[in-house]
> 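Here's a structure for you.
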Amino acid sequence: MEFDLHMALVIFAAAVATFATRIGGYILITRMKSIPPRMEAALNAVPAAVLTTLVAPAFFIGGWESKLALIVALFIGLRFTHTWMLVAAWIVVMIWRHAGGF
């Protein structure tokens, strides 16, 4: 495998951008005496946005086992803890794959 300078520069630039946004946010918030309500609302929306970013591609691009597992995880997650949600989704995928995908 040959060293690719272009890819190394892309990875380095992505690392610098990630570090800059993380440290920039930390510096910005530590300089404030209080967090404005709009910023607090935006920060509270981040977990849902990240979860959507992770789940949506799996639902729309994944196979039927992924769709069914995500739907089961949604309903289990509304009632039980995250561990049970993950276990239920895993069981759905394993049963689906073991049965041959119907």
> Can you list the other members of the hydrophobic cluster that holds Leu5, where links are side-chain heavy atoms under 4.5 angstrom apart?
Phe3, Leu9
> Ignoring hydrogens, what is the shortest heavy-atom contact between Ala49 and Thr53? Give both atom names and the distance.
O-OG1, 2.7 Å
> Would you list the atom pairs, donor with acceptor, under 3.5 Å between side chains in residues 16-40 and any protein atom, with sequence neighbours excluded?
unit_1	atom_1	unit_2	atom_2	d
Thr18	OG1	Ala14	O	2.8
Thr21	OG1	Ala17	O	3.2
Thr21	OG1	Thr18	O	2.9
Thr30	OG1	Tyr26	O	3.0
Thr30	OG1	Ile27	O	3.0

> Supply the members, apart from Ile61, of the Ile/Leu/Val/Met/Phe/Trp/Tyr cluster built from side-chain contacts under 4.5 Å; use none for a lone residue.
none
> Tell me which pairs pass salt bridge (charged side-chain N to carboxylate O under 4.0 Å, His left out) where either residue lies in residues 54-79, with sequence neighbours left out.
Glu65-Arg97
> In the hydrophobic clustering (ILVMFWY, side-chain contacts below 4.5 Å, transitive), which residues join Val46, or is it alone?
Val50, Leu54
> Determine the minimum heavy-atom distance between Ser66 and Ala58, stating which atoms define it.
CB-O, 3.8 Å
> Shared ILVMFWY cluster between Leu68 and Trp64, side chains joined below 4.5 angstrom?
yes
> State plainly whether one hydrophobic cluster holds both Phe80 and Val72, where clusters connect Ile, Leu, Val, Met, Phe, Trp and Tyr through side-chain heavy atoms under 4.5 angstrom apart.
yes
> Residues sharing Phe75's hydrophobic cluster, by side-chain heavy-atom contacts under 4.5 Å among ILVMFWY, directly or via others?
Leu51, Val55, Phe59, Phe60, Leu70, Ile71, Leu78
> Would you kindly confirm whether Leu74 and Ile76 end up in one hydrophobic cluster when ILVMFWY residues are joined by side chain heavy atoms under 4.5 Å apart?
no
